[in-house]
Amino acid sequence: MGQKNKETDLSAAIPGGVKEEDLNDLMQIRREKLNEMRQKGYEPYGNRFERTHSARFILDNYGEMEYKHVILAGRIMSKRGMGKASFAHIQDSTGKIQIYIRSNDVGPETYEFFSKLDIGDIIGVHGSVFKTRMGEVTVAVEGLNMLAKSLRPLPEKWHGLKDVELRYRQRYVDLIVNPEVKEVFVIRSKTVRAFRNFLDAKGFLEVETPMMQLIPGGATAKPFITHHNTLDLKLFMRIAPELHLKRLLVGGFDNVYEINRNFRNEGISTKHNPEFTMMELYQAYADYNDMMDLTEEMISSVACEVLGSTLIDYQGTEIDLSPGWTRIPMLEAVKVRSGLDFSVIKTAGEAHSAVKQAGINLELDPADTWGDILNKVFDEMVEPKLIQPTFIMDYPVEISPLAKRKADNPDLTYRFELFIYGREIANAFSELNDPIDQKARFAKQVEKRKAGDEEAHMMDEDYINALEYGMPPAGGLGIGIDRLVMLLTNTYSIRDVILFPLMKPRD
RNA sequence: GGGCCAUUAGCUCAGUCGGUAGAGCACCUGACUUUUAAUCAGGGUGUCGCUGGUUCGAGUCCAGCAUGGCUCACCA
């Protein structure tokens, strides 16, 4: 649906689209410089520019680069003028390098041009590499090209941009002036790549399943709602790819994975962003024990590939990601930490009174089932204490509607979650492939939904239909990429590993 | 959603008891051909988040609102 009447008020704007009254002095001066540049016949916004080297390469290979001629480009980050000669640092994607420009070398006209440039301007330079008296590797400029005029002043060179709100809202500025931020996102990119390499090498096939779904399934969460105009169709942004990936197992793909976004219409916190990245994989003829082995191997090898070590420091705590992680059934973990033995507590009623008797401070709902209460006790008493990587096994069936029941205890499932630093990093199970049980589980969820639980699963008839054709037994695994990257980059907030986190509009 | 905190120049931050709005960086003018948080001389560039209130007088006190941060709740 195209909009035909876009509001355009160019009359009140000056070139650049900013209204004149919004311009402070610093921006006004830069616009004047821009106009002056044009008047003198220089184009402030250049074109293709071929570079021979990066800043990093020159710095790292000074021995072979000394006195070599180089062409590079970057943003001016600092300037030190001394009459007929100037020093400056320019920054490209690899780092900063000093340049030295003398009137004698480039001629008075070019030198004059350079001396009027601002911090933030993007230029190309060519010249030869040398070391200054103080030992800094520097490019002695022989000529320069204007590539982009910057019309806004950058934050201060010494303190950088600290205002958290501005850093998230204008990430591009954050990235320009705070080099450590860039490093976080490089690590994020390498992490995702490492996952792909690992899984591809294991024979998994990367697939893409719908982001917009008729029935949002595969997780317990409130979805975002959207609408398709020509079909006049209510659609949901997916909360998980799970049910579609398992349809692929039915279709005959044995090993599939997807790394992509999920959307959940819930609270925002240091650990939750409405859209986040999930890796989900399914392996036919495997079970949750295989998934534990795979999780360990995958995360430790990804850490090794990205950081060169399986020993990480997170917020002052040393975490050891080398394989051999603790595997403990939920019942046992809860018993150890709370004293409550849910293997002898058999009913919801007994569970309610046991919690009360133990004096555990929990908000219990009368409708809570045995499994709900077990999970709440776990969340409260156990989860925060799981600092080193720990697999918690055998979740109650009530909160695991897609997992296979344990053969020796139908109240529990072959499901585990991985916790590191008190946070859930992975969730996995032996997939439920009995269509009749699955339909019954969905029906239970639908009841919960009718009772007002907006997060309960919906009935997905087509998924049942798929299971009825026969799905091979399989292990499935989901890993929250953002939270894992937080661990690998030692960042406290999920917003620090998301380039453009969701922010309320300012006005 | 609740609680606490923050919001002052482009950026980082001061601002006392309610009495004419401050610093550093950046910027402007001038000097300076190996500087590096360059230096030296001069220049303050502002809707003190917004709206009300109290007061002779509000950046400062009060109320409401907005945005953000932390936290609790919610939530994988």
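What you see is a predicted model; the values in this text were computed from it and never measured. So that the names make sense, note that chain A is the first sequence line, chain B the second, and so on, each numbered from 1.
Taking 4.0 Å as the cut-off between side-chain N and carboxylate O, A:D379 and A:K376 do not count as a salt-bridged pair. For the pair A:K406 and A:D411, the salt-bridge criterion is not met [side-chain N within less than 4.0 Å of a carboxylate O]. Salt bridge A:R169/A:E165: present, at least one basic N to carboxylate O contact under 4.0 Å. Residues A:E112 and A:K40 are not paired through a salt bridge, judged by the lack of any N-O separation under 4.0 Å between the basic side chain and the carboxylate.
The CD atom of A:Q28 sits 20 Å away from the P atom of B:G44 (whole-angstrom rounding). When rounded to the nearest whole Å, the span between CE of A:M77 and P of B:G10 equals 19 Å. Rounding to whole angstrom units, CG of residue A:D174 and P of B:G68 are separated by 16 Å. What separates CD of A:E383 from P of B:C74 is a distance of 12 Å, to the nearest Å. One can place CG of A:D118 at 12 Å from P of B:A26, the figure rounded to the nearest angstrom. Remark: C1' of B:C27 and NZ of A:K79 are 11 Å apart, rounded to the nearest angstrom. Distance A:R31 CZ to B:C28 P: 16 Å, rounded to the nearest Å. Taking atom CG on A:L362 and atom C1' on B:A73, their separation rounds to 14 Å, with Å as the unit.
As rounded to the nearest Å, B:A9 and B:A21 have P atoms that lie 15 Å from one another. Remark: the separation of the C1' atoms in B:G44 and B:C5 is 31 Å, to the nearest Å. B:G59 and B:U20 are spaced 10 Å apart, taking the P atom of each and rounding to whole Å. Going from the C1' atom of B:C11 to that of B:G46 covers 14 Å, rounded to whole Å. Across B:U12 and B:G18, the matching C1' atoms stand 27 Å from one another, rounded to whole Å. Rounded to whole Å, the C1' atom of B:A41 lies 34 Å from the corresponding atom of B:U47. Separation of the P atoms belonging to B:U45 and B:U51 is 23 Å when rounded to the nearest angstrom. B:C27 and B:C70 have their P atoms separated by 33 Å, with the value rounded to a whole Å.
Distances shown here put a side-chain N or O of A:R495 below 4.0 Å from the OP1 or OP2 atom of B:G69.
Stem regions annotated for RNA chain B: B:1-7 with B:66-72, B:10-13 with B:22-25, B:27-31 with B:39-43, B:49-53 with B:61-65, counting only runs of 3 or more consecutive pairs of Watson-Crick or G-U type with both contacts under 3.5 Å.
Contact annotation for A:R483: no contact, since no heavy-atom pair falls under 4.0 Å across all strands. Contacts of A:A219 with the nucleic acid, taken as non-hydrogen atoms under 4.0 Å apart, are absent. Residue A:L166 is classed as a sugar-phosphate contact, given heavy-atom separations below 4.0 Å to backbone atoms only. Contacts of A:L161 with the nucleic acid, taken as non-hydrogen atoms under 4.0 Å apart, involve only primed sugar atoms and P, OP1 or OP2. Within the nucleic acid shown, A:K33 comes within 4.0 Å of sugar-phosphate atoms alone, with no base atom in reach, counting heavy atoms only. Within the nucleic acid shown, A:R264 comes within 4.0 Å of sugar-phosphate atoms alone, with no base atom in reach, counting heavy atoms only. A:R167 comes within 4.0 angstrom of nothing in the nucleic acid, heavy atoms only. Across all strands shown, A:T270 has heavy atoms under 4.0 Å from sugar-phosphate atoms exclusively, and none from any base.
Side-chain contact of A:S150 with A:R75: a donor-acceptor pair under 3.5 Å is absent, judged by distance alone.
A:D92 pairs by the side-chain hydrogen bond (donor to acceptor under 3.5 Å, both in side chains) definition with A:T94, not counting sequence neighbours. Residues meeting the side-chain hydrogen bond (donor to acceptor under 3.5 Å, both in side chains) test with A:N104, sequence neighbours left out: none.
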Check the pair A:Q98 / A:T132 against side chain to side chain donor-acceptor pair (under 3.5 Å), numbers first and verdict last.
CA-CA 10 Å; A:Q98 182 167 260; A:T132 62; 4.6 Å; no
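Contact annotation: the side chain of A:M458 never approaches that of A:Q445 to less than 4.5 Å [non-hydrogen atoms, C-beta and beyond].
Checked against B:U67, B:G69, B:U45, the side chain of A:K504 finds its nearest nucleotide in B:U67.
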Expected string for nucleotides 32-37 of chain B under the B/S/- scheme (protein heavy atoms, under 4.0 Å, primed atoms plus P, OP1, OP2 as sugar-phosphate) is BBBBBB
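Along RNA chain B, the nucleotide nearest to A:L502 and the one nearest to A:G267 differ in position, and the one closer to the 5' end is contacted by A:L502.
For residues 120-131 of chain A, the pairs satisfying side chain to side chain donor-acceptor pair (under 3.5 Å) are A:H69-A:H126, A:D121-A:K149, with sequence neighbours left out.
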Extract all donor-acceptor atom pairs below 3.5 Å that involve side chains of residues 492-504 of chain A and protein atoms in other chains or at least two apart in sequence.
from	atom 1	to	atom 2	distance (Å)
A:S493	OG	A:R495	N	3.1
A:D496	OD1	A:Y168	OH	2.9

